[in-house]
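Only heavy atoms go into these numbers, but all of them, side chains included; no hydrogens, no water, no symmetry mates. Chain A is the first sequence line, chain B the second, and so forth, proteins listed ahead of strands; every chain is numbered from 1. This structure is a prediction, so every number in the text was calculated from the model and none was measured.
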Amino acid sequence: MDSLQEHGGKSVINRGGRLSFFFDNEKFLGPIMIAPAVIYVLALVGYPLILAFAYSLSDITVGSVDYNFVGLSTFRSIIEEPEFRIALKNTILFTFVSMAIVVVLAKILALLLVKDFKGKFFVRALILMPYVAPISLGVIGWLWMLDSIYSPINWLLQRTGLFGPDFWPMWLGTPGLAMASIITVHVWRMLPLAMIIMLAGLASIPKDIQDAALVDGAGYFRRLFQVTIPMMLPIMLVAVLFGIVFTATDIIIILVLTRGGPYDSTQVLVSQAFYIGIDAGDLAGGAATALFLFPLLLAVAILMLKIARRSEVT
Amino acid sequence: MAFSTEGLRKKTIGVITRRQFIKTSLVGAAALGAGELVFPRYGAARQKELKMLQWVHFVPGYDKWFRDTYIREWGEKNNTKVILDTIGLSGLNARAAAEVSARKGHDLFMFLWPKPDMEHQVIDHSEIYQECEKNVGKPIDLAIRSTYNPRTKKYYGFSDSFVPDPVNYRKDLWDSVGMFPNTWDDVRIGGAKIKKKHNVPVGIGLANEIDTNMAMRAIMYAFGSSVQDAAGNPVLNSKETLEAVKFVKALYNECMTPEVFTWDASANNRFMISGKGSLALNAISITRTAEKTAPEIAKKIWLAKACKGPVRRMGLEHVMDVYVIWKFADNIEGAKKFLVDYISDFRTAFLASEFYNFPCWPGTVPDLKKLVSYDKKADPPTKYAVLEDVLDWATNVGYPGYANAAIDEIFSTWIISTMFARAASGMMSPQDAINAADRKVKKIFKKWQKKGVV
């Protein structure tokens, strides 16, 4: 029979079994409930990370059956390669240029969409589309748009007279255009999320502060730079940091659009790690290449945690 | 704190409580697990299972025949449920890596190029070779060189077939300039004339993908250059390689467009069938696809043997079917039997692939020359006759030696494709591009030699 008992000031429902002690005691139930998340993180993040460090210090390949410790020689060997330096440079370029464009465009879009106008719902839905659609399908769509033979972009621009009859750019065939295409597609994909974060930030600014600035005679740009942006800075920072993590670790756009080409000029660290480690089977080289992202991502993670702690309500 | 069990009871009426949920889940899971033990399918009558993975064939009719007819009938005869999974060719290496890491996967795994780096993870396939030899006679040298490691004396794979890689050219355009692509010089001169006259380029890939890998090696071999010598020593940095790289640079400048840097495994087909290309190196999937979807253009695309270079006429196989059986496969015996039986029935496979899959066991298709010399579906019907002596001008990756783990890593990291592309684009001089590639090649050879498999 169920009964209510008092144990040291805490209420426990005793249903007669030993199990009830565990299921109804917060001391035990709490850890049990959180255990799946902890196990998940340890198994799918912690273990692979440790494995990556272990692999990078060996000469292991996909087909290996033994582990030979080789110290830091894999790292030394990778740093010597010009392809690694290109990938590192591209990772930095891709991440920071994409994020700069995303932040500026997201801010502009958020400022436009915070206003009331006819068809606002429809416009918002359209802008959200790239984020809702599966990314691989979206990028395959872009691959067709940028196709060397059938590109509808080229066809349209030629028909409208913006391109001459003999001008047919190979978007993915020259290093500059290929990197520009990759950044464009990434911006297209990241913009909706950044815009939503910005929109939430804008909505959280108390209206009376804006009104006070207006009464004090502050113009649009003064309010933008001295009121709106400073007040949105913490949330913008979160958007940027998330964006950096997503961008620096993104592989799908490069994998689908260029596979690192033309002649390895659009390779980034993640795609390089995939091609070396998985496609070519050099697990040690792949792990070492991927681990070069670790310091960058660690710094971003620490920064994000600091921001999160600062905004904690105590 | 006031607490009412009555209130709690009321709240949980009609919904499941946490306790009930956990109990139900545990009982359910236990029952499911016990089910297999309590009600086993009866010993001898229990059907075996054979799991296979291979690529999505470029001739859709082959996959249909293989899935709906061949494996179904083989499964019925052998009391085996055959499960066939197919994936795109670019996903094969990643999938294999995942299966090896998990030590779980398919009983039969098909690669499209030799995978000697997996030697320690696969069984020795010599028994299958011996059994097939008893049934249908000897295999071709190309199959042995793509699946055997002379250093360890182990067959690390089994090859049923290879795919020829002839020249696909637009006869109307080549006729218009009065030329035929017989030699690489013809391709360069004729291609330039066609580009000038019709604004239609040559399309030989210069990208990180399999067709480029094969095409660039074909040019190297024709120019007397190679990645390794017959004994397996790296010899990339040579005057022959320099000539080959200089040739490709000229070929690109005179006959091609930057489109070739965007090449992928189906680009040859799109390029030729769109009518916007004058020549490509590809399997017969271009003409086979065109025969069904664009018969007008199919008539204009003809085939020629691999082009002759200054040293020899030599091409590669377009792809090389290499089946492997993992050491950790559940049904090793079933997989071996499947391969032996498949070889015995290979003539049907050759016909189902519409001459795409050429036999590595010539005894299986004794009338091959007759079959390819006249094909009703082709226009003209003699179009495929050019393939009858393909073994005289096709060789393996790793020529003049055997395919080995170093050759495979060089192949899979696109070192040769990148070398040619960098020189062709002008990013590097031909010699600098060779030096950069040679440094990597030597490093890879050293690594595998240290491991004792090369």
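Contacts between B/Asp408 and chain A at a heavy-atom distance below 4.5 Å are absent for every atom of the residue. Contacts between B/Ser101 and chain A at a heavy-atom distance below 4.5 Å are absent for every atom of the residue. At a 4.5 Å heavy-atom cutoff, B/Glu119 makes no contact with chain A through either its backbone or its side chain. At a 4.5 Å heavy-atom cutoff, the contact between A/Thr174 and chain B is made by side-chain atoms alone. For B/Ser417, no part lies near chain A; criterion is any non-hydrogen pair under 4.5 Å. For A/Asp147, the part lying near chain B is the side chain, with the backbone staying farther off; criterion is any non-hydrogen pair under 4.5 Å.
A distance of 7.0 Å separates OH in A/Tyr275 from CG in B/Asn208, rounded to the nearest 0.5 Å. Here CG of A/Leu177 is found 12.0 Å from OG1 of B/Thr262. Values are rounded to the nearest 0.5 Å. Residue B/Ser412 holds its OG atom at 12.0 Å from CD1 of A/Ile278, rounded to the nearest 0.5 Å.
When every heavy atom of B/Thr413 is checked against every heavy atom of A/Ala280, the shortest pair comes out as CG2-CB, 3.3 Å. Minimum interatomic distance between A/Thr61 and B/Trp448 (heavy atoms only, all atoms of both residues): CG2-CH2, 3.7 Å. In this structure, B/Gln121 and A/Val62 approach most closely via the heavy-atom pair NE2-O, 4.2 Å. The nearest pair of heavy atoms linking A/Ser77 to B/Lys443 is OG-NZ, 3.0 Å. Minimum heavy-atom separation, B/Ala207 to A/Arg259: CB-NH2, 4.2 Å. Between B/Ser90 and A/Asp279, the closest heavy-atom pair is O-OD1, 4.4 Å.
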Practice prompt. Determine, step by step, whether A/Ser64 and B/Lys451 satisfy the side chain to side chain contact (heavy atoms under 4.5 Å, CB included) criterion, reporting the C-alpha distance in whole Å, the side-chain angles of both residues, the deciding distance to 0.1 Å, and the verdict.
Written response: CA-CA 10 Å; A/Ser64 289; B/Lys451 283 177 183 280; 3.9 Å; yes
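Taking B/Lys440, B/Met419, B/Lys450 one by one and counting their heavy-atom pairs under 4.5 Å with chain A, the maximum is reached by B/Lys440. Contact count against chain A (heavy-atom pairs under 4.5 Å) is highest for B/Pro258 among B/Ala424, B/Ala405, B/Ala267, B/Pro258.
Applying the 6.0 Å contact sphere to OH of A/Tyr150 captures more than 12 heavy atoms from other residues, nucleotides or ligands. Atom NZ of B/Lys446 sits in a sparse spot, with 12 or fewer heavy atoms from other residues, nucleotides or ligands closer than 6.0 Å. Within 6.0 Å of OH in A/Tyr67 there are more than 12 heavy atoms belonging to other residues, nucleotides or ligands. For A/Ile34, the CD1 atom sits in a loose shell: 12 or fewer heavy atoms of surrounding residues, nucleotides or ligands are nearer than 6.0 Å.
At a threshold of 4.0 Å, the pair B/Arg422-A/Glu83 counts as salt-bridged, since one of the basic side-chain nitrogens sits closer than that to a carboxylate oxygen.
The shortest distance between side-chain heavy atoms of A/Asp59 and B/Lys447 does not fall below 4.5 Å. At least one side-chain heavy atom of B/Arg439 sits under 4.5 Å from a side-chain heavy atom of A/Pro82.
A/Tyr263 pairs with exactly one of B/Trp414, B/Phe261, B/Trp263, B/Tyr252 by the ring pair (Phe, Tyr, Trp, His ring centres under 6.0 Å) rule, that one being B/Phe261.
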